[in-house]
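Data first, discussion second: the structure below is written as structure tokens.
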Amino acid sequence: MNNSAASTSSGSGDVPAPRRNSNRPKYSRFTQQELPACKPILTPRWVITVFTLIGVIFVPIGVAALMASNKVVEIVYRYDAVCIHGNTKDEKVAYIQNANTSKTCIITLTVPKDMDQPIYVYYQLDNFYQNHRRYVKSRNDAQLKDSDKANDTSGCDPEKTTPDGSPILPCGLIAWSLFNDTYSFSIGNQNLTVNKVGISWKSDRDHKFGDNVFPRNFQNGTMKGGASLNESIPLSQQEDLIVWMRTAALPTFRKPYGKIEQNLRVNETITVIIQNYYNTYSFSGKKKLVLSTSSWLGGKNDFTGIAYLTIGGLCFFLATAFTVVYLVKPRKLGDPSYLSWNRNPSGH
């Protein structure tokens, strides 16, 4: 009985064979990557031409970038070591934290070359880690933008509320540590006005800080971290705060303080009155005052030009080396018709 059943199923063909499951996709030239494509053959002449072309493009760009950077005039002055009393770290910290001592410091700067307006004023901090994870997270963006969420201080630990439980606006460590050194400039008896309008990103003013959000209970805690804010001015116009809250990626950074819209001439002496309030001494930080002009490339930056010159010079070197090898010991090329995509164009 078993033999006849087996004979019937194999001989008559009435019972279909079980279907084999397969994950193979439906064939198409797209799924099999057989659409027309550029498949260059890297011959010696082609490689030499490409390297030469890159060198021809990159070297002039590098030269132009370096020339633009060299035209930028900078004055950099470190004042944290000058505007302080005390020799040890503890003495310096005690001095800077004492509210009864004068923090006024007067320095003089000499203009090394003619500086055409606008002249940008920056403060530079060294060894200040604004990219620390806890520091970066200590803010509430919704509170900064919307007045209806002024009491929302979630994520602002440890600067959320005052000792009596009132919400702080703006809350968080970033705002609390706002830079508070101030600078005033003069040449002889003439004061140099510092324009502080437009020093922050327009996108930050328009989209991240509300024009109907006002500071409240700021720097009213047991310990004051930095500058205070005018409670009658909305956050969208408090540009020092906006600049500070765009945190820096590296421990050494510069932030704009303002612009001097007046030309300075070589050998002029600038008197700077500094109010040295900001405590960088507790973490061995450094503070510098920077005056700088700009070019079409921005501020002084030799890295861009050096990078372009390095890549362009390397490409010229490789092009020359490949040319010598090609001329001294040429190598016969194979027949491209034997390549797989030429022998089997359909893909089947």
Side-chain angles (χ1 to χ4, degrees), residues 69 71-86 92-93 95-96 101-130 177-200 225-228 239-248 250-295 298-302:
S69 179
K71 290 182 179 179
V72 174
V73 182
E74 272 193 358
I75 303 175
V76 182
Y77 187 91
R78 178 184 174 186
Y79 65 89
D80 63 283
V82 177
C83 302
I84 193 67
H85 294 286
K92 294 177 180 179
V93 172
Y95 170 82
I96 207 70
T101 58
S102 174
K103 306 300 190 299
T104 302
C105 178
I106 301 176
I107 64 172
T108 57
L109 306 174
T110 302
V111 181
K113 297 180 181 178
D114 289 346
M115 302 178 71
D116 296 330
Q117 63 171 316
I119 300 167
Y120 296 93
V121 181
Y122 302 91
Y123 56 88
Q124 178 176 320
L125 297 180
D126 294 6
N127 201 35
F128 191 111
Y129 288 83
Q130 272 199 317
S177 61
L178 175 61
F179 187 78
N180 62 340
D181 283 4
T182 60
Y183 315 109
S184 58
F185 303 86
S186 63
I187 297 180
N189 296 324
Q190 179 186 3
N191 291 328
L192 297 179
T193 302
V194 179
N195 182 7
K196 298 179 74 68
V197 177
I199 61 174
S200 61
S228 299
E239 296 205 47
D240 285 330
L241 174 69
I242 297 174
V243 167
W244 181 257
M245 294 199 70
R246 177 166 282 278
T247 53
L250 300 175
T252 297
F253 57 86
R254 292 179 181 178
K255 289 184 181 288
Y257 180 84
K259 294 177 289 186
I260 297 175
E261 297 174 332
Q262 177 178 330
N263 295 333
L264 301 179
R265 294 301 169 225
V266 62
N267 293 329
E268 284 186 328
T269 300
I270 305 172
T271 301
V272 187
I273 300 177
I274 301 174
Q275 300 298 331
N276 183 32
Y277 293 121
Y278 203 68
N279 182 14
T280 57
Y281 305 96
S282 59
F283 56 88
S284 301
K286 300 176 183 178
K287 294 188 290 187
K288 297 178 183 178
L289 173 64
V290 181
L291 275 65
S292 175
T293 60
S294 64
S295 66
K300 191 172 186 63
N301 180 13
D302 293 339

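The figures here come from the full heavy-atom set of this structure, side chains too, leaving out hydrogens, waters and symmetry mates.
A donor-acceptor pair shorter than 3.5 Å can be found between the side chains of T104 and Q275. A donor and an acceptor atom, one from each side chain of E239 and S200, are located under 3.5 Å apart.
For the atom pair OG (S294) and CE (M115), the distance works out to 10.0 Å, reported to the nearest 0.5 Å. Here the OH atom belonging to Y129 is positioned 15.0 Å from the OG1 atom belonging to T247, to the nearest 0.5 angstrom. H85 contributes atom NE2, which lies 8.5 Å from atom SG of C105 (distance to the nearest 0.5 angstrom). Rounded to the nearest 0.5 Å, atoms CD1 (I274) and CD1 (I107) are 3.5 Å apart.
Put simply, the side chain of T110 does not reach to within 4.5 Å of the side chain of I75, judged on heavy atoms. Contact of the I187 side chain with the L264 side chain is registered, since non-hydrogen atoms from C-beta on lie closer than 4.5 Å. At least one side-chain heavy atom of N276 sits under 4.5 Å from a side-chain heavy atom of K287. You'll find the side chain of V121 reaches within 4.5 Å of the side chain of L289, heavy atoms only.
Heavy atoms only, all atoms of each residue included: R265 and D116 are closest at NH1-OD1, 3.3 Å. Of all heavy-atom pairs between I260 and Q117, the closest is O-CB, 4.1 Å. The minimum heavy-atom distance linking S186 with N191 is given by the pair CB-OD1, 3.6 Å. Residues S69 and D302 share a closest heavy-atom pair of OG-OD1, 2.6 Å. The shortest heavy-atom contact between D126 and T252 is OD1-CG2, 3.1 Å. The two residues Y278 and S177 have their closest heavy-atom pair at OH-O, 2.6 Å.
Classification of K92 and D80 as a salt-bridged pair fails, no side-chain N sitting under 4.0 Å from a carboxylate O.
A side-chain donor-acceptor contact under 3.5 Å links K255 to the backbone of V243. In this structure a side-chain-to-backbone donor-acceptor pair under 3.5 Å is present from T293 to V73. Between the side chain of N279 and the backbone N or O of I96 there is no donor-acceptor pair closer than 3.5 Å. Although no hydrogens or angles enter the test, the distance criterion places a donor-acceptor pair under 3.5 Å between the side chain of K103 and the main chain of T101. Side-chain atoms of Q130 come within 3.5 Å of backbone atoms of A248 as a donor-acceptor pair (strictly under, hydrogens ignored).
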Requested in this report: Take V72 and S292 through the test side-chain contact (heavy atoms from CB on, under 4.5 Å) and record every step on the way to the result.
Outcome: CA-CA 7 Å; V72 174; S292 175; 3.6 Å; yes
Requested in this report: Carefully, step by step, assess I119 and L192 under the rule side-chain contact (heavy atoms from CB on, under 4.5 Å).
Outcome: CA-CA 11 Å; I119 300 167; L192 297 179; over 6 Å; no
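For Y79, the ring-ring contact (aromatic ring centres under 6.0 Å, His included) partners at least two apart in sequence or on another chain are Y183. For the salt bridge (Lys or Arg N to Asp or Glu O under 4.0 Å) test, residues two or more places apart in sequence or in another chain that qualify with E74 are R254.
Remark: of the listed residues Y123, F128, Y257, Y122, Y123 is the sole one forming a ring-ring contact (aromatic ring centres under 6.0 Å, His included) with F179.
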